Amino acid sequence: SPKLLNTYLDLLMSAGELVEARKVYDSLLKVPSKGFESYHMLVKYDLLNDKVEDAQKKLEEGVQKYPSSVLLLQDYADILL
């Protein structure tokens with residue numbers, strides 16, 4: 001379930017378990033109908049790995065699908081600043 005993957009990815013990143021986090025990230029990428037929380041976690045992972053362009057692309061997609069998501073808009077503002 002995407003919710004479980006979101007939570008697991010967040011915990012792994014917080015614990016510094018980046019190899020395992022990558023596996024969860026890859027699984028989350030394959031989820032066909034991502035919620036705004038999933039976009040947030042994917043962006044968080046990209047930024048942790050200094051992949052700002054990848055994060056920005058995911059945010060643009062996420063904001064297009066969820067234009068009223070304060071979380072994604074905040075992520076987007078953080079990248080632009």
Side-chain angles (χ1 to χ4, degrees):
S1 112
K3 260 189 175 176
L4 182 60
L5 289 173
N6 293 336
T7 302
Y8 191 37
L9 180 57
D10 194 30
L11 290 171
L12 289 169
M13 288 189 295
S14 295
E17 297 288 336
L18 299 183
V19 173
E20 191 63 30
R22 177 63 197 212
K23 295 175 190 173
V24 178
Y25 171 87
D26 289 341
S27 295
L28 196 54
L29 277 177
K30 296 175 188 171
V31 172
S33 55
K34 295 173 198 53
F36 70 91
E37 301 95 341
S38 294
Y39 283 102
H40 171 71
M41 293 312 303
L42 292 169
V43 166
K44 189 174 175 181
Y45 179 86
D46 283 342
L47 293 176
L48 183 65
N49 288 282
D50 295 323
K51 296 184 177 183
V52 178
E53 288 181 19
D54 290 346
Q56 190 168 352
K57 288 177 189 174
K58 286 180 186 74
L59 272 173
E60 288 170 359
E61 183 181 329
V63 168
Q64 186 176 357
K65 287 185 179 182
Y66 304 100
S68 61
S69 169
V70 174
L71 184 60
L72 292 180
L73 292 171
Q74 188 174 23
D75 287 343
Y76 202 52
D78 289 344
I79 283 181
L80 294 176
L81 297 174

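Just so we're clear, the structure is a prediction, and the values are computed from it rather than from any experiment. Because only heavy atoms are used, hydrogens play no part in the values below, and waters and symmetry mates are left out as well, while side chains stay in.
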Transitive ILVMFWY cluster of Leu29 at side-chain heavy atoms under 4.5 Å: who else is in it?
-> Leu5, Tyr8, Leu9, Leu12, Met13, Leu18, Val24, Tyr25, Leu28, Val31, Met41, Leu42, Tyr45, Leu48
The remaining residues in the hydrophobic cluster of Val43, counting side-chain heavy-atom contacts under 4.5 Å among Ile, Leu, Val, Met, Phe, Trp and Tyr, are Phe36, Tyr39, Leu47, Val52, Leu59, Val63, Tyr66, Leu71, Leu72, Leu73, Tyr76, Ile79, Leu80
Quick check: are there more than 12 heavy atoms from other residues, nucleotides or ligands sitting under 6.0 Å from NZ of Lys65?
-> yes
So CD of Glu17 and NZ of Lys23: to nearest 0.5 Å the spacing works out to 10.5 Å
Is it true that Asp54 and Lys58 have a side-chain N and a carboxylate O under 4.0 angstrom from each other?
-> no
Where the side chain of Asp10 meets the backbone of Asn6, is there a donor-acceptor pair that is under 3.5 Å apart?
-> no
